[in-house]
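A short worksheet on the structure shown next.
A note on names: the letters A, B, ... follow the listed sequences, proteins ahead of strands, and every chain is numbered from 1.
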Amino acid sequence: MSFFLTLFVLFVALAISWRFLGSYMAGVYQGNVKFLYRFEKIIYTILDIDPNSEQTWKGYGLSVIVFSGISLIFTYAILRFQNVLPLNPVHFGSVSPALAFNTSVSFVTNTNWQNYAGETTMSYLSQMIGLTVQQFVSASVGLAISITLIRGLARKKSSYIGNFWVDLIRGILYILLPIAFIGGIIFVAQGALQTLSGPMTVHDVLNNTTQVIPRGPVGFMESIKQLGTNGGGFFNANGSDPFENPTPLTLILSVFLLLVIPFSLTYTFGKMVGSIKQGIAILMAMIIIFGISLGIGVYAEMQPNPAVAATHLVYQSSGNMVGKETRFGALDTALYNIASTQTSTGSISGANDSFTPLGGLILLSGMMLGEVSPGGVGSGLYTILLFALIAVFIGGLMIGRTPEYLGKKIQAKEVKLAALGVLIMPITVLVLTALAVSVKAGVGEISNLGPHGFSEILYSYTSQANNNGSAFAGLNGNTAFYNITGAIAMLLGRFGVIIPVLALSGSLSTKQIVPTTLGTFKTDNSTFTFLVVAVIVIVGGLTFFPSLSLGPIIEMFFHRKFF
Amino acid sequence: MIANLKRSILSCIIFLILCGLIYPLIGTAIGQTFFKFQANGSQIKQGSLLVEQSWNGPEWFQGRNDGSVLTVGKDNIIISGTNQPGPRSKALIKSVKQRAEKLLSEGILPKNDLVTTSGSLIDPDITVAAAEVQVPAVAKFHHLKQEVLYKLIAQNTVQKQFGFLGNSYVNVLELNLALSKLNPTKLDIPKVNNTNSGNSILKASRVNKHYQKIQVNKTRT
């Protein structure tokens with residue numbers, strides 16, 4: 001019963017934020033919010049930018065690519081030179097080249113896939129100026145891209161889609177920093193670490209135990225990790241570590257933070273295109289997929305763990321507790337992990353690998369459907385809008401008219417770009433998974449045999465290509481093979497979608513808005529919502545069903561079989 | 001292109017200072033000023049309230065099965081979350097069976113959270129039910145009345161946060177501290193270095209006084 005109350009409180013908090021944060025974000029990107037303008041102006045002066053000038057989609061795209069490239073070099077250099085930089089109390093050595101490459105790609109692409117244990121690899125300075133910085137920046141880039149697509153749909157006959165530098169700076173200053181700051185205070189008040197003193201050594205006279213406990217600046221990294229749907233934690237155990245996620249309050253706060261921007265962006269979208277109802281139609285599509293996944297996932301984790309049940313010694317009244325924390329229990333852990341895979345966060349409050357087969361399938365499906373329910377910060381909205389364009393196209397075929405979305409004619413070029421943006425992820429995942437299961441370097445690193453081992457590999461590429469970053473941690477990813485192929489998956493999954501989206505924004509913004517007539521296919525009602533959901537499910541299902549049936553589905557039918 | 005490069009480098013430096021230094025350092029200042037206890041690791045003299053320790057045998061209340069698989073890295077630093085067995089893993093069956101049989105031999109009903117490992121591997125808590133099934137064994141070992149221990153568990157239970165969030169649970173370190181305080185002379189407290197056991201008992205009770213002070217600062221509801 002109290003779990004339903006938890007869901008209700010979460011729902012109310014998200015509903016209020018949807019209305020007000022959504023409207024605030026529209027104000028930020030339209031330039032109406034100005035309370036930090038003085039500070040903003042200083043940055044514009046340093047960068048030599050006229051905040052009123054705008055870029056074409058090519059100019060915008062070039063800025064995104066160059067900026068991301070430089071961010072990548074910065075992060076890589078910090079990780080490589082952490083041994084000579086300050087704030088390294090345990091004197092960790094420089095991060096190896098393959099791992100530093102994988103990690104910097106991972107944080108720049110908002111993935112936060114981690115092939116390392118933070119507490120024994122990264123210095124405090126690397127965590128702060130390397131990783132935390134990218135958690136802000138990559139989230140703001142995602143937000144900016146989604147705003148260009150909204151502008152493309154809203155503008156008439158314009159070849160400009162905004163100024164990347166202005167969008168980037170405003171996203172960080174007005175949206176991410178203030179919310180993350182307040183969240184960070186709550187995390188620390190509840191028990192998250194926030195210190196620069198090195199590890200502590202404790203000795204308990206009662207049981208004669210000595211422990212060396214790692215510490216660091218955790219709490220404030222934690223809040224941006226969730227808010228920016230990044231997911232890269234300070235510790236190896238991520239959000240299940242009591243120092244990152246100390247109480248049930250921080251768990252529910254985390255779930256709130258990771259859902260709030262992706263859901264609220266649908267309001268921003270509605271407001272900027274001049275019809276909130278259009279935003280609601282998209283929001284409902286997100287909610288339907290999220291709700292169904294949550295229902296099945298929570299049900300799955302209330303079931304006993306098959307391996308524990310096989311001992312016939314334990315009565316599992318509290319559900320599947322393998323890999324779960326006592327203070328959260330099975331239900332809250334399922335809520336967190338599902339929210340984190342339905343957004344592109346990928347942080348965990350319990351071991352994904354130890355979820356029941358059905359629960360594991362739900363975690364995977366959230367990513368395989370393209371991270372749109374509600375998806376990552378910005379990336380969720382732009383990806384679901386790609387699906388919406390395909391839905392409009394299919395709807396147009398059904399009624400035999402040139403498809404339109406928000407008054408923009410959707411022609412061959414737009415449909416091709418949308419299809420490219422939607423298909424790049426499954427192609428990347430399937431090709432790389434096929435490669436990994438066919439070479440020794442790939443199959444040598446899995447820890448579970450049989451279909452679960454296949455799931456581990458499939459999960460790792462699905463997670464990376466969707467910029468999610470959660471892991472079925474049975475796989476040892478810190479090898480040259482997985483570091484490099486993983487980085488390729490992350491780069492394609494991020495920029496392989498961003499570039500078509502920007503091209504689409506540019507192409508849409510040049511179009512005239514045609515007036516609505518009686519024959520116009522309506523995109524602000526429940527019919528359209530269901531069409532969008534159907535397109536998402538059919539595309540995801542068709543591309544991934546064969547590989548899913550080799551992994552989690554076959555595993556569900558293996559009663560009494562253990563590997 | 002040149003303008004883009006210049007702006008990229010400059011903005012990387014600006015964000016590095018703003019989000020990588022100012023943001024976490026102001027956060028650290030706030031943590032160290034207002035939440036000193038939490039920000040430094042919820043440390044009491046015996047350890048951290050947020051990190052599990054291994055408590056073996058019916059002499060103490062035992063925690064999750066994490067100690068069996070916990071690993072340490074450079075300088076013996078604890079690495080969290082290293083073990084995530086799949087739901088059909090033979091290794092998982094084996095470890096659960098071993099642990100359950102050990103508990104049964106000590107006269108303890110193997111509760112779900114006592115035989116499984118957590119996600120962090122440093123889960124400091126157990127459910128109230130898992131504490132209560134250990135009462136007969138612990139009471140027998142110390143020749144204590146069971147009612148006393150049930151009361152001890154009730155006193156150390158952390159209720160659901162705000163009455164509805166998460167689980168209610170018992171912190172194993174707190175519970176064992178309370179147990180040692182209850183009847184310190186009957187507890188076989190191991191010798192520490194060159195001090196005799198009488199001294200370490202004295203030390204333990206002093207620790208308890210210190211601990212009571214700290215409890216006031218705790219904000220976990």
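Counting heavy atoms from C-beta on, the side chains of B:N40 and A:L193 never come closer than 4.5 Å. Put simply, the side chain of B:Q161 reaches to within 4.5 Å of the side chain of A:Q190, judged on heavy atoms. Side-chain contact check for B:L16 versus A:I78: some heavy-atom pair is nearer than 4.5 Å. A 4.5 Å side-chain heavy-atom check between A:R327 and B:N167 finds every atom pair outside the cut-off. Counting heavy atoms from C-beta on, the side chains of B:Y23 and A:F220 come closer than 4.5 Å.
Residues of residues 67-75 of chain B having a heavy atom under 4.5 Å from any heavy atom of chain A, listed by number: B:G73, B:K74, B:D75.
Heavy atoms closer than 4.5 Å to chain A are found nowhere in B:L109, neither backbone nor side chain. Heavy atoms closer than 4.5 Å to chain A are found nowhere in B:L114, neither backbone nor side chain. Both the backbone and the side chain of B:S8 come within contact range of chain A, each with at least one heavy atom under 4.5 Å from a heavy atom of that chain. Heavy atoms of A:I252 lying under 4.5 Å from chain B belong exclusively to its side chain. Only the backbone of B:S54 comes within contact range of chain A, with at least one heavy atom under 4.5 Å from a heavy atom of that chain. Looking at B:L103, neither its backbone nor its side chain comes within 4.5 Å of chain A, counting heavy atoms on both sides. Only the side chain of B:I30 comes within contact range of chain A, judged by heavy atoms closer than 4.5 Å. No part of A:A309 comes within reach of chain B, as not one of its non-hydrogen atoms sits under 4.5 angstrom from that chain.
Comparing B:A100, B:S42, B:G41 by heavy-atom pairs within less than 4.5 Å of chain A, the highest count is held by B:G41. Ranked by heavy-atom pairs under 4.5 Å with chain B, the list A:L131, A:I129, A:L196, A:L176 is led by A:I129. Among A:D241, A:L173, A:L331, A:T132, the residue with the largest count of heavy-atom pairs under 4.5 Å with chain B is A:D241. Looking only at heavy-atom pairs under 4.5 Å with chain A, the residue among B:A129, B:G27, B:A3, B:S168 that has the most is B:G27. Highest contact tally toward chain B, considering only A:R215, A:Q211, A:Q127, is held by A:Q211 [criterion: heavy-atom pairs under 4.5 Å]. For the options B:G47, B:P85, B:G31, heavy-atom pairs under 4.5 Å to chain A are most numerous at B:P85. Between chain B and the residues A:F74, A:F328, A:Y315, A:F235, the largest count of heavy-atom pairs under 4.5 Å involves A:F74.
Contact detail for B:P87 and A:P357: the closest heavy-atom pair is CG-CD, 4.0 Å.
Among A:T311, A:N305, A:V308, the one residue that satisfies the side-chain contact (heavy atoms from CB on, under 4.5 Å) test with B:I93 is A:T311.
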